[in-house]
**Student:** 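The structure's right below; bear with me while I get my questions together.
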Amino acid sequence: KKLNYTIIALRALKDNYIWLIHDGQDAIVVDPTEARVVEQYLQQHNLSLKVILLTHNHPDHTGGVKALCERYTPECIDNFSQQLADGQILNLADLDLSVKVVLTPGHTLEHVCYLVDDKHLFCGDTLFGMGCGRVFTNDFVAMYSSLNKIKALPESTLCYPAHEYTANNLRFITSLDSNHAYYQDYAKYLLMKLSSTQNSLPTVLADELRYNLFLRCDDHHVWAMVGAKSGELINDEENCFVALRQLRNNF
């Protein structure tokens with residue numbers, strides 16, 4: 001029997017999210033930006049930290065690891081100091097959870113997402129609400145195929161990015177797409193979420209597939225939009241993705 005667990009968003013820095021999964025006793029934390037925020041929550045709710053999952057090795061994702069490890073001695077899982085395999089199942093016994101490794105290089109070489117119970121995807125800086133991460137590796141092919149891996153998941157998958165970028169990403173999209181009516185329902189829903197909880201996440205994969213241009217680079221309408229804005233000839237999905245990411249970098 002699966003235990004009941006809760007997923008909590010802890011805010012850190014300007015726009016980071018630290019995701020914390022707990023069952024009332026034991027906790028898993030994803031990308032602990034700062035130790036203090038996590039410690040506070042653990043103490044308030046009398047939780048024991050068992051596992052740290054890291055998506056990649058940027059300081060705004062790993063900043064709290066050292067202090068948390070000294071205090072709680074959790075198991076720490078990442079793909080930069082150890083070798084994780086695509087599709088590997090991590091059995092995190094304390095929370096009776098199945099956690100599947102999804103290798104997603106592109107933002108960084110070792111970037112990995114974690115799929116919990118086949119329905120919660122902790123996607124770090126690979127996928128954002130209405131956007132995707134910068135391609136620091138310059139390997140756009142790898143990044144695009146990582147996004148395609150996410151696209152192949154069930155549409156009901158809930159995605160938990162590590163930053164609150166959704167509203168700004170939607171502004172970028174509507175600067176490209178003159179058909180603003182297409183986004184109206186989603187924009188209303190986003191505004192409602194942000195005004196009630198200051199949090200747009202998690203985002204449902206079905207919405208990302210419908211509205212996120214980075215997941216629509218196989219759509220000829222998107223080719224036309226990106227071509228018109230970038231002045232480039234867009235004739236396949238990969239050059240659509242590269243041009244789109246460059247437009248977003250300069251937005």
**Student:** Indicate whether the side chain of H163 and that of D60 have a donor and an acceptor atom separated by less than 3.5 Å.
**Tutor:** yes
**Student:** Should L20 and L47 count as side-chain neighbours, where that means a heavy-atom distance under 4.5 Å?
**Tutor:** yes
**Student:** Say you draw a straight line from CG of N4 to NE2 of H22; how long is it, rounded to the nearest 0.5 Å?
**Tutor:** 11.5 Å
**Student:** Under 3.5 Å, side chain of Q88 to main-chain N/O of K100, donor-acceptor pair present?
**Tutor:** no
**Student:** Please evaluate residues T166 and K193 with respect to the criterion side chain to side chain contact (heavy atoms under 4.5 Å, CB included), reporting the C-alpha separation (whole Å), side-chain torsions for both, the decisive distance (0.1 Å), and the verdict.
**Tutor:** CA-CA 11 Å; T166 316; K193 269 174 100 172; over 6 Å; no
**Student:** Walk me through it: do Y114 and I21 pass the test side chain to side chain contact (heavy atoms under 4.5 Å, CB included)?
**Tutor:** CA-CA 12 Å; Y114 298 97; I21 308 163; over 6 Å; no
**Student:** Look up atom NE2 in H220 and atom CD in E237, then write down how far apart they are to the nearest 0.5 Å.
**Tutor:** 8.5 Å
**Student:** Is it the case that atom CG in L109 sees more than 12 heavy atoms from other parts of the structure closer than 6.0 Å?
**Tutor:** no
**Student:** Please report the interatomic distance CZ(F214) to CZ(F172), rounded to the nearest 0.5 Å.
**Tutor:** 5.0 Å
**Student:** Report yes or no: do V65 and V38 belong to one cluster of Ile/Leu/Val/Met/Phe/Trp/Tyr joined by side chain heavy-atom distances under 4.5 Å?
**Tutor:** yes
**Student:** Between N249 and R245, do the side chains contain a donor N or O and an acceptor N or O under 3.5 Å apart?
**Tutor:** yes
**Student:** Mind listing the closest non-hydrogen atom pair of P105 and S146 along with its distance?
**Tutor:** O-OG, 2.7 Å
**Student:** Please state whether the rings of H107 and H111 are parallel, tilted or perpendicular, taking 30° and 60° as the class boundaries.
**Tutor:** perpendicular
**Student:** Quick one, D78 with N57, criterion side chain to side chain contact (heavy atoms under 4.5 Å, CB included). Give me CA distance, side-chain angles, the key distance, then yes/no.
**Tutor:** CA-CA 8 Å; D78 65 61; N57 195 11; over 6 Å; no
**Student:** Can you tell me how far apart CG (N148) and CE (M143) are? Round to the nearest 0.5 Å.
**Tutor:** 11.5 Å
**Student:** Less than 4.5 Å apart, any side-chain heavy atom of F251 and any of L247?
**Tutor:** no
**Student:** With a 4.5 Å cut-off on side-chain heavy atoms, are D117 and Y5 touching?
**Tutor:** yes
**Student:** What's the shortest heavy-atom distance between I18 and V30, and which atoms?
**Tutor:** CG2-O, 3.6 Å
**Student:** Hydrophobic clusters here meaning ILVMFWY residues chained together by side-chain heavy-atom distances under 4.5 Å, can you tell me if I7 and L121 are in one?
**Tutor:** no
**Student:** Checking N250 side chain against Q246 main chain: does a donor-acceptor pair fall under 3.5 Å?
**Tutor:** yes
**Student:** Between the main-chain N or O of L84 and the side-chain N or O of N79, is there a donor-acceptor pair closer than 3.5 Å?
**Tutor:** yes
**Student:** Taking the side chain as everything from C-beta on, heavy atoms only, tell me whether H120 gets closer than 4.5 Å to W19.
**Tutor:** no
**Student:** Mind telling me whether Y183 and Y211 have parallel, tilted or perpendicular rings, with 30° and 60° as the class edges?
**Tutor:** tilted
**Student:** Does K66, at its NZ atom, have more than 12 non-hydrogen atoms belonging to other residues, nucleotides or ligands within less than 6.0 Å?
**Tutor:** no
**Student:** Taking the basic N atoms (NZ, or NE/NH1/NH2) and the acidic carboxylate oxygens, is any pair closer than 4.0 Å for D218 and K151?
**Tutor:** yes
**Student:** Calculate, to the nearest 0.5 Å, the distance between atoms CD1 and OH belonging to I8 and Y41 respectively.
**Tutor:** 3.5 Å
**Student:** Nearest 0.5 Å, what's the CD1-SG distance between I150 and C113?
**Tutor:** 4.5 Å
**Student:** Output yes when a side-chain donor or acceptor of S48 lies under 3.5 Å from a complementary backbone atom of D26, and no otherwise.
**Tutor:** no
**Student:** Does any part of the side chain of Q40, heavy atoms only, come nearer than 4.5 Å to the side chain of L10, both counted from C-beta?
**Tutor:** no
**Student:** Answer whether the closest heavy-atom distance between the side chains of F241 and F140 falls below 4.5 Å.
**Tutor:** yes
**Student:** For the residue pair H56 and H61, does the interplanar ring angle fall in the parallel (under 30°), tilted (30 to 60°) or perpendicular (over 60°) class?
**Tutor:** tilted
**Student:** Apply side chain to side chain donor-acceptor pair (under 3.5 Å) to residues D177 and Y182 and explain how you reach the verdict.
**Tutor:** CA-CA 9 Å; D177 191 344; Y182 182 78; over 6 Å; no
**Student:** Consider side-chain contact (heavy atoms from CB on, under 4.5 Å). Of I77, D31, V29, V112, which one does L54 pass it with?
**Tutor:** D31
**Student:** State, without any angle test, whether D207 and Y189 hold a side-chain donor-acceptor pair at a distance under 3.5 Å.
**Tutor:** no
**Student:** Within a strict 4.5 Å, meaning less than it, do heavy atoms of the N168 and F128 side chains meet?
**Tutor:** no
**Student:** Quick one: do V99 and I89 satisfy side chain to side chain contact (heavy atoms under 4.5 Å, CB included)? Show the steps, please.
**Tutor:** CA-CA 6 Å; V99 179; I89 304 292; over 6 Å; no
**Student:** Would you say that L194 contacts N199 through its side chain, given a criterion of any heavy-atom pair below 4.5 Å between the two side chains?
**Tutor:** no
**Student:** Quick check on the hydrophobic clustering: are L97 and V102 connected, directly or via other members, by side-chain heavy-atom contacts under 4.5 Å?
**Tutor:** no
